[in-house]
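Below you'll find the structure, written out as structure tokens, and then a few comments.
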Number of protein chains: 2
Amino acid sequence: MQNFNSISVENFIKTIYQFELREGKDTRSGSIAKELGITNAAATDMARKLASKNIVAYQKYKALKLTADGKKMALHIVRRHRLWETFLHQVLGLNMHEIHQEAELLEHATSEFLLDKIDAFLGNPTTDPHGDPIPNKNGVIEKEKEVLTLSAAKVGECYEVCRLVGGHKEFYDFCQANKLTVGAFISINKQYPHTKMTEIEIGSLRISLHADLAGMIYLKKLKKSAEHISSTSKNG
Amino acid sequence: MQNFNSISVENFIKTIYQFELREGKDTRSGSIAKELGITNAAATDMARKLASKNIVAYQKYKALKLTADGKKMALHIVRRHRLWETFLHQVLGLNMHEIHQEAELLEHATSEFLLDKIDAFLGNPTTDPHGDPIPNKNGVIEKEKEVLTLSAAKVGECYEVCRLVGGHKEFYDFCQANKLTVGAFISINKQYPHTKMTEIEIGSLRISLHADLAGMIYLKKLKKSAEHISSTSKNG
DNA sequence: TTTTATTTTTAAGTAAACTTAAATTTAATA
DNA sequence: TATTAAATTTAAGTTTACTTAAAAATAAAA
């Protein structure tokens, strides 16, 4: 599936896809327009255009929805974006807060051929550095395991960090400084509901996070014990 | 120097630059138009537009020339192109005939920030895999040494391959199969002026090339002896 | 429920980057 | 040099992706 669409079209499709996933986010033209930095009128135009191509299901004044075709296209765009993010982070050493912006440009200038090379070079990764899943060549995303945020984690349990949902430098710097990377193993020491703090152990470190931060860190539960785990973290 | 220009503008500037370098190539709008796959009318429009921005020196019916500003811009675009070619070849293992097409897309989607990372990762190379010079961050190209084609090389002398001016898969496949890569060392065994063949030695190989091929391979003369050289080739 | 506010859509217009077709200029040839 | 051929430019029109401003529909508040 090659890229026959303009950058504007690709970004429009991608934005609808991302908003459809995040509950609470409505996908009416105004919402999409705001995200893309264009006027509502422009978004309506685009919606009608893509509706005529059976990429978007569009009814006046209603929320925009991707058709099956549209969703497939979105997944291929997302694949390009996340493979580039992974590549830029792992190979060129760009920081977490730097990769999105660059991938945003590169994703529209990448042939299927080149993408295959990048994918193979990285060993066909299934998640990007934020822990977001990378759709495969056919646009299929591996079924994700159940996750919860750090602020909802249970005392005494052990978890693997599987997602960092932030965006700003400071958050990623904090995570990096405290070894909180995707794939890291942690255990929950204590929850302080009133002050909204969570105390965790990661390796030999013991740190406390406020819910504002903890809510951006997603975990999946492990079956293994904390003792066993702390010495086998993927991230040393 | 960030990219404030469209892809069309960048390609237009780059093409003039490249045509100005190749003697014999005229740089009138029609010639540029043909290369870019657009009509003469479109090229004239663009020429006038860029003239108004002092990027191109344009007089009706005359050849197009880049101004100092235009040349500087061209050099930055060429830098992006050649760094990407080098990266794709060295890091992702793309073949010689594959890198141009991909770099053609990526060069318009690369920030100065990312380019610096790529440049550093590659160790600030001064030539791309074809042997073409990579302008530095300021758009300056290292003064090139005197070169000559393989068909013009002198019997008994030793040379370093410094440029492969081709473009088609077969040519590059042939070169690769015979270890004729940029940086390789060769010596000239015999010249056959009537049949236009050149016999060369490269490592332990002895091969004969017709001028059609030999004319695409550029060399620079070495001072060292052939014996000493054959064991110290950059390319094994 | 009526009024008001917000959002979306329609309508009209713009800029970039093209196109085709006709007019003009330059180059080539008889 | 006059004529013909080739190339370039101008003019007018198209498409994409926007814009602003007015009209229409939906949602919120009184």
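Chain identifiers are assigned alphabetically (A, B, ...) following the order of the sequence lines, protein sequences preceding nucleic acid strands; residue numbering begins at 1 within each chain. Fair warning: this is a prediction, and the values are worked out from it, not measured in the lab.
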Its 5'-most and 3'-most nucleotides having an atom under 4.0 Å from a non-hydrogen atom of chain B, DNA chain C is contacted over C/dA16 to C/dT26
Using residues 45-61 of chain A as the side-chain source, report each donor-acceptor pair under 3.5 Å to any protein atom, sequence neighbours left out, with the distance given to one decimal.
from    : atom 1 : to      : atom 2 : distance (Å)
A/Ser52 : OG     : A/Lys49 : O      : 2.6

Tell me, please, which residues at least two apart from A/Asn138 pass side chain to side chain contact (heavy atoms under 4.5 Å, CB included). A/Asn136, A/Val140
Under the side chain to side chain donor-acceptor pair (under 3.5 Å) test, which residues partner A/Thr126, sequence neighbours left out? none
A/Gln191: partners by side chain to side chain donor-acceptor pair (under 3.5 Å), with sequence neighbours left out: A/Thr198
Run the side chain to side chain contact (heavy atoms under 4.5 Å, CB included) test against A/Glu102 and tell me which residues pass, sequence neighbours left out. A/Leu88, A/Leu94, B/Ser111, B/Phe113, B/Leu114
Between A/Thr39 and D/dT19, does any side-chain N or O lie under 4.0 Å from OP1 or OP2? yes
Under 4.0 Å, heavy atoms only, any strand: does A/Ser8 hit a base, just the sugar-phosphate, or nothing? sugar-phosphate
Result block: side-chain N/O donor-acceptor pairs under 3.5 angstrom for residues 115-125 of chain A, not counting sequence neighbours:
from     : atom 1 : to       : atom 2 : distance (Å)
A/Asp116 : OD1    : A/Lys137 : NZ     : 3.1
A/Asp116 : OD2    : A/Lys137 : NZ     : 2.9
A/Asp119 : OD2    : A/Arg79  : NH2    : 3.1
A/Asp119 : OD2    : A/Asn124 : ND2    : 3.0

Residue set satisfying side chain to side chain contact (heavy atoms under 4.5 Å, CB included) with A/Asp132, at least two apart, ordered chain then number -> A/Arg82, A/Asp128, A/His130, A/Arg163
For A/Ala41, give me all partners under side chain to side chain contact (heavy atoms under 4.5 Å, CB included), at least two apart in sequence or on another chain. A/Thr39
Check whether any side-chain heavy atom of B/Thr86 lies under 4.5 Å from a side-chain heavy atom of B/Pro129, and answer yes or no. yes
Should we say atom CD of A/Glu144 is surrounded by more than 12 heavy atoms from elsewhere, each under 6.0 Å from it? yes
Please list each protein N or O that sits under 3.5 Å from an N or O in nucleotides 21-29 of chain D, with the distance.
from   : atom 1 : to      : atom 2 : distance (Å)
D/dA25 : O4'    : A/Tyr61 : OH     : 3.1

Nearest-Å distance for atom pair CG/C1', residues B/Asp45 and D/dT14: 13 Å
Please report, rounded to the nearest Å, how far the P atom of D/dT10 is from the CE atom of B/Met46. 16 Å
Comparing A/Ala42 with B/Asn40, nearest DNA chain D nucleotide closer to 5' gives the residue B/Asn40
Quick one: label A/Phe12 by what it contacts on the DNA or RNA (base, sugar-phosphate, nothing), any heavy atom closer than 4.0 Å. nothing
Side chains of residues 12-23 of chain B: which donor-acceptor partners sit under 3.5 Å, not counting sequence neighbours?
from    : atom 1 : to       : atom 2 : distance (Å)
B/Lys14 : NZ     : B/Glu104 : OE1    : 3.2
B/Lys14 : NZ     : B/Glu104 : OE2    : 2.9
B/Lys14 : NZ     : B/Glu107 : OE1    : 3.4
B/Lys14 : NZ     : B/Glu107 : OE2    : 2.6
B/Thr15 : OG1    : B/Asn11  : O      : 2.7
B/Glu20 : OE2    : B/Leu66  : N      : 3.0

Within residues 50-57 of chain A, which residues have any heavy atom lying less than 4.0 Å from an atom of DNA chain D? none
